[in-house]
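First up is the structure itself, then whatever we jot down about it.
Fair warning: this is a prediction, and the values are worked out from it, not measured in the lab.
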Amino acid sequence: MKITKLTCVAASLCAILALNPAMAQSVTNRPARPTPPTRDPNTPGYVTAKELPDGTNAPADADGNFIIGPTHNRAPEMTVQTNVPQGTVYNFTMSSADSKIYPGIAREPNMFGTQDPNDPAKLVVNTSHPAPYTRRVSVYVPKQYVPGTAAPFIVGADGPDRALFTALDNLIAQHRVPVMIAISIGNGSGDAQGSERGLEYDTMSGRYAEFVEKEVLPLVEKQCNVKLTKDPDARATMGGSSGGSCALIMAWYHTDLYHRVLTYSGTYVNQQWPYNAETPHGAWEFHQHLIPNSPAKPVRIWMEVGDRDLLNPNVMRDNMHDWVVANENMAKVLAAKGYHYQFVFARNAGHTDGNVKQQTLPEALEWLWQDYKPVAK
């Protein structure tokens, strides 16, 4: 295990958000991917949303549905400000050889999968096999953290995400969010069905949250000399694409651990593998069955989707692979159940659009934590 220490500085957005995650591996046994059309947020069947002036963000104190864009300017909080305290970032690596939960798998290159002839919503992947991996973990510790105290924290997928660390430097200094630690965890490689990343992020269970709890957080406390809170209301998750659906999966299956979720272009579609009869349509089940048919959980969720977000990026044509429809459906069911949520539809935006994140992340984080009250000691 290797660890380094450096001062938090501005850097480019993490590669997983700059690149389309669904493009991670070439595929030979599927037709050419269609170019996603530009969707109109006022399409019949979509949620009713408030159109905001171009260049502005949804307010940090309001629930509901909002439309932003087409211009996406970098928020000032996304740039290093020399007059604010700079946090420290610790980096270390984790190996599959040390994991009891994720020993590692991979899919053969250029082999995606085939549609089950008996079920168009089921993908057959028979080239996945054991494979080792290493993952990077970056931990942001704010300058204001008091050693020995139990700190709120946010766990992010597809790390490292230095844009998040820069935002927190500025937001904490402005007293807009709590003094919190950020834990940015790299995935175990690959993408989608049959891959380690897909297994970690798309599986509808508490497994990934348990991996973080049992194998990541103890290392964070040890390597970074911090103490992490056990209060689920002081714990948040975030991510983009499958990392976004993973963020909600963590909280949904473990409300004892997480109550706050932030997602960009969440993959609330049918991408789970291996197949699970309890959730046969993967994360599409969130808006199809799970949220509508379950009592409301103590979860607050911020979501974003782009007008040119993904549409049918694989061989499956099951009508459950439209990222815009999936996120629109999520907004509907969350509203019907009375959840605290904010849904942002971004014009002139692609999948996990980096410019949109640079514009919206500060207000999104502020909204996510607006009702936070530390537990009295």
Side-chain angles (χ1 to χ4, degrees), residues 1-6 8-9 11-26 88-111 125 127-141 153-165 181-203 205-226 228 237-247 249-250 267 273-274 352:
M1 186 172 297
K2 180 181 179 181
I3 181 166
T4 61
K5 180 176 177 181
L6 60 152
C8 181
V9 297
S12 60
L13 195 60
C14 112
I16 197 70
L17 294 182
L19 299 174
N20 184 340
M23 298 290 286
Q25 298 187 24
S26 61
T88 300
V89 175
Y90 299 82
N91 295 305
F92 60 87
T93 59
M94 297 180 66
S95 169
S96 56
D98 298 323
S99 177
K100 295 180 180 179
I101 297 176
Y102 290 121
I105 61 169
R107 189 178 62 237
E108 284 297 314
N110 303 320
M111 296 297 294
V125 180
T127 65
S128 185
H129 56 82
Y133 66 80
T134 59
R135 74 174 82 238
R136 293 178 60 190
V137 179
S138 292
V139 182
Y140 162 88
V141 180
F153 66 90
I154 185 167
V155 173
D158 290 320
D161 185 355
R162 299 196 183 281
L164 170 64
F165 305 158
I181 289 167
I183 304 159
S184 191
I185 306 170
N187 65 70
S189 77
D191 185 59
Q193 293 95 326
S195 72
E196 180 64 32
R197 180 177 185 266
L199 180 66
E200 293 170 9
Y201 291 176
D202 297 320
T203 298
S205 76
R207 187 179 182 187
Y208 184 76
E210 291 153 15
F211 162 72
V212 172
E213 194 71 18
K214 296 176 182 179
E215 298 191 4
V216 181
L217 300 189
L219 281 177
V220 170
E221 291 189 318
K222 179 180 179 180
Q223 299 287 0
C224 308
N225 193 29
V226 297
L228 302 172
T237 61
M238 71 173 287
S241 193
S242 287
S245 53
C246 174
I249 290 167
M250 292 174 72
T267 298
W273 178 91
T352 58

Side chains of V137 and L219: does their closest heavy-atom pair fall under 4.5 Å?
no
Can T267 and S241 be counted as having a side-chain donor-acceptor contact under 3.5 angstrom?
yes
Can you tell me how far apart CZ (R136) and OG1 (T93) are? Round to the nearest 0.5 Å.
9.5 Å
What closest approach, in Å, do R197 and G243 show between heavy atoms, and which atom pair accounts for it?
NH2-N, 3.8 Å
Please list, chain by chain and in numerical order, all residues satisfying salt bridge (Lys or Arg N to Asp or Glu O under 4.0 Å) with E200, sequence neighbours excluded.
R135
When rounded to the nearest 0.5 Å, the distance separating OG of S184 from CG of D161 is 5.0 Å
Taking atom types as modelled and ignoring hydrogens, do the side chains of S242 and D202 form a donor-acceptor contact shorter than 3.5 angstrom?
yes
Sequence neighbours left out, what passes side chain to side chain donor-acceptor pair (under 3.5 Å) with Y102? Give chain and number order.
none
Applying side chain to side chain donor-acceptor pair (under 3.5 Å), can you list everything that pairs with Q193, at least two apart in sequence or on another chain?
none
Looking only at heavy atoms, the pair that brings A106 and A131 closest together is CB-CB, 3.6 Å
Using side chain to side chain donor-acceptor pair (under 3.5 Å) as the criterion, list what pairs up with T237, not counting sequence neighbours.
none
Roughly how far, to the nearest 0.5 Å, is CZ of R207 from SG of C246?
12.0 Å
Report yes or no: does S96 contribute a side-chain atom to a donor-acceptor pair with the main-chain N or O of Y133 at less than 3.5 Å?
yes
Tell me every residue that passes side chain to side chain donor-acceptor pair (under 3.5 Å) with S138, counting only those two or more places apart in sequence or in another chain.
N91
Taking C-beta and beyond as the side chain, do F92 and V139 meet within less than 4.5 Å on heavy atoms?
yes
Does the side chain of V226 reach to within under 4.5 Å of the side chain of F153, using non-hydrogen atoms?
no
Without swapping roles, check the side chain of Y201 against the backbone of D158 for a donor-acceptor pair under 3.5 Å.
yes
Test of understanding: with side chain to side chain contact (heavy atoms under 4.5 Å, CB included), list the residues that count as partners of E215, not counting sequence neighbours.
M94, S99, K100, I101, F211
Does S95 reach the main-chain N or O of A97 with its side chain, forming a donor-acceptor pair under 3.5 Å?
yes
Quick one, Y140 and L164 - any side-chain contact, counting heavy atoms below 4.5 Å?
no
Calculate, to the nearest 0.5 Å, the distance between atoms CZ and CD belonging to R107 and E196 respectively.
12.5 Å
Just wondering, do P274 and L199 contact through their side chains at under 4.5 Å, heavy atoms?
yes
Residues S128 and G194: closest non-hydrogen pair is OG-O, 2.9 Å
Verdict with reasoning, F165 to V89, per side-chain contact (heavy atoms from CB on, under 4.5 Å)
CA-CA 8 Å; F165 305 158; V89 175; 3.6 Å; yes
